[in-house]
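Note on naming: letters A, B, ... go to the chains in the order of the sequence lines (proteins, then strands), and numbering restarts at 1 for each one.
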Amino acid sequence: MKKVLVTGAAGLLGCNVVRALIAAQYKPVCLVRKSTDVSGLNGLPCDMVYGSVENHHEILSAMSGCEAVIHAASIYVDPKNDYSNFEKINIEGTKNMLKVASALKVSKFIYISTANTLSPGDKVSPGTELNDFKDFHLRSHYLNSKYLAEQLVLEHVVRDELDAVIIHPTFMLGSYDIKPSSGRILSHGLGKKIIFAPPGGKNFVHVMDVATVVVRSLHETLAGDRFLVGGENLSYKEFFNILSHQAQQTSRIVCIPRWLFLTAAWITQILKNNKSEFNLSSARVLGRGNYYSSTKASKYFKYQPTPVTLAVGDALEWFSGKLKNSE
Amino acid sequence: MSKTRKTALITGASKGLGRALAIEAAAIGFDLILVSLPQSGTYLLADQIEQTYDVSVKVFEIDLLDAESIDLLASYTDQLPSLEMLINNAGCGGSGAFETASVAYIDKVLQLNVITMTLLTRKLIPALMRSSKRSYVMNISSIAAFAPIGYKHVYPASKAFVYAFTLGLREEYRNAGVSFSTVHPGPMLTNSDSCRRIVKQGNIARFCLESTTKVAQTSLQATLKGKAVIIPGLGNKLTYLFMKLLPSGIVKKLITQGVKKEIDIENEPIKGNWNAQTIPT
């Protein structure tokens, strides 16, 4: 069985990628930190290697014998919003992974980035892979570090002939969101009589769709190409309507005006001396229309985006199962 | 249909400014000839451009440092009815102490930024002159062309060549239907090196930073209007004024100190970036 290294394997996408790999007859090798909660991988036929993307030797021992690499490990928030942490994991970590992958001549390197390093469009003409990164001035440490890491990936494609592909998932929902990461949007709305919806909206995608594309991209030679992988473009109001319906609750959805949302972010930023997850740059990214098209990926990888209602349903089912287990 | 088609040839088209220029030129209806290094994913880019815009795209993945490459492009364009735009974008650069720069590095910068650009323009001028419409040559220089900068040695010098070369030809071809423009961008996020530096440099770099798409749009519009010298972005225009107005001694000193500080911090050997406009300060 072909071995595939997965970093960030215990995360929302990682857990789903590992399952998709197993279903496609691969042997996943999971690189995870000792401190990480790996309960999303319990009982799966995969190898566990303990270590981090910051350590060259740990990467080397994890990657030896692997034919391909799926690099999904990344931080997207930091409690102190400290750039050096983003630099260490998202940039240096990717650099380390690329170095070892080039040295070992792995046949495929899949880099998981984010849709937001491509500038979004509106609902009528959503953003595509041709769009450029325009949000550097927002000073989002996450976006800047992911964009920089993408440049490193592309440079290795040219310099070392590494067959690397960049996948840009939009906002993922589904099972095994241990942390939770994107699942926090569910807890924001669950059980609430009144749901405050931020301005703007997002493209929402079932995490299994992204995992499917990731595994299918292992079979293709696509060096240096990039794919947006998304589902439906919904305003937050539309999204919370779906959530309320799926959770069988009656909630009133109140849209927060953009100016109020940004003012709140600005005040938080000042009060916490710019050391908060909720700050002006994160609010600017969150509170706009992050709308994308995944025409290219759905054509190339022949996937039909799963409706968001199903993604929300799956995520809710998994969360309630997890709550029951912990009781 | 073929009567109204117009074609643009763009070098260094796989990423950065060249990629953005390709996309923006396609958006305003140019058929494209994209030239970039082997393995740079240009075929995939071409596919998506063709599917998004109603244009045809031809790809040459070749190394412009090979003498045959220029002949290959010349013989291809000779067969075209005409060529309406040539964008000389491929270039490279880096920084470091002059005495540590390798001969290979110096040679590569001068070859690509000066000789390749000159020869390609020379070989393609017949195709450009054949056009029944006005045709355009856009040469990508740099804001660095306006100030000699220590520790960058051949890079700003090569870009000053582009400036002088372009403006000379502009006069020569004034009545021959070919309009020459020289573009002087400032910092852009076109490779990992420039990104890293811009993040570290903070506010001034951020103020001068323009998105690659914006630079491409501005440059194309201004070129099509027949502007001679194009400096995209307010921040860069101010930098240009600042360099003109202040005594040149002070400016050179400030910029050189900035570059030196950066080199001292990095303490890295000099390196070149393909298909990339390395930032000047």
**Request:** Kindly determine whether A/L162 and A/V153 satisfy side-chain contact (heavy atoms from CB on, under 4.5 Å), including the steps that lead there.
**Result:** CA-CA 9 Å; A/L162 182 69; A/V153 173; 5.9 Å; no

**Request:** Report the residues that fulfil side-chain hydrogen bond (donor to acceptor under 3.5 Å, both in side chains) with A/N233, sequence neighbours left out, ordered by chain and then residue number.
**Result:** A/N203

**Prompt:** Are the side chain of A/K95 and the backbone of A/A149 linked by a donor-acceptor contact shorter than 3.5 Å?
**Reply:** no

**Fill in**
From the list B/L45, B/L189, B/T212, the residue making the most non-hydrogen contacts under 4.5 Å with chain A is B/L189

**Message:** Among residues at least two apart in sequence or on other chains, which ones pass side chain to side chain contact (heavy atoms under 4.5 Å, CB included) with A/R258?
**Reply:** A/P199, A/L262, A/R288

**Contact check, side chains of A/D135 and A/N116, non-hydrogen atoms, under 4.5 Å** = no

**For chain B, which residues of residues 289-301 of chain A have heavy atoms nearer than 4.5 angstrom** = A/K296, A/K299

**Item:** Test item: B/K237 side-chain N/O and B/I231 main-chain N/O as donor-acceptor pair under 3.5 Å
**Value:** yes

**Item:** Candidates A/K134, A/E150, A/K146 - the one meeting side-chain hydrogen bond (donor to acceptor under 3.5 Å, both in side chains) with A/T117
**Value:** A/E150

**Message:** Please classify the contact of B/Q51 with chain A as side chain, backbone, both or neither, using a heavy-atom distance under 4.5 Å.
**Reply:** side chain

**Request:** Using heavy atoms and a sub-4.5 Å threshold, report which of residues 82-94 of chain A line up against chain B, by residue number.
**Result:** A/Y83, A/E87

**Prompt:** Checking B/T52 against chain A: side chain, backbone, both or neither under 4.5 Å from a heavy atom?
**Reply:** side chain

**Message:** Does the plane of the ring in A/Y111 sit parallel, tilted or perpendicular to the ring in A/H71? Use 30° and 60° as the thresholds.
**Reply:** tilted

**Request:** Look at the side chain of B/E50 and the backbone N and O of B/V57, then say whether any donor-acceptor pair between them is shorter than 3.5 Å.
**Result:** yes

**Message:** Between A/T268 and A/N279 (side chain of the first, backbone of the second, donor and acceptor by atom type, cut-off under 3.5 Å), is there such a pair?
**Reply:** no

**Request:** Using distance alone, with no hydrogens and no angle criterion, decide if B/S211 and B/T213 have a side-chain donor and acceptor under 3.5 Å apart.
**Result:** no

**Prompt:** Out of B/C195, B/A20, B/A22, which one racks up the most heavy-atom pairs below 4.5 Å with chain A?
**Reply:** B/C195

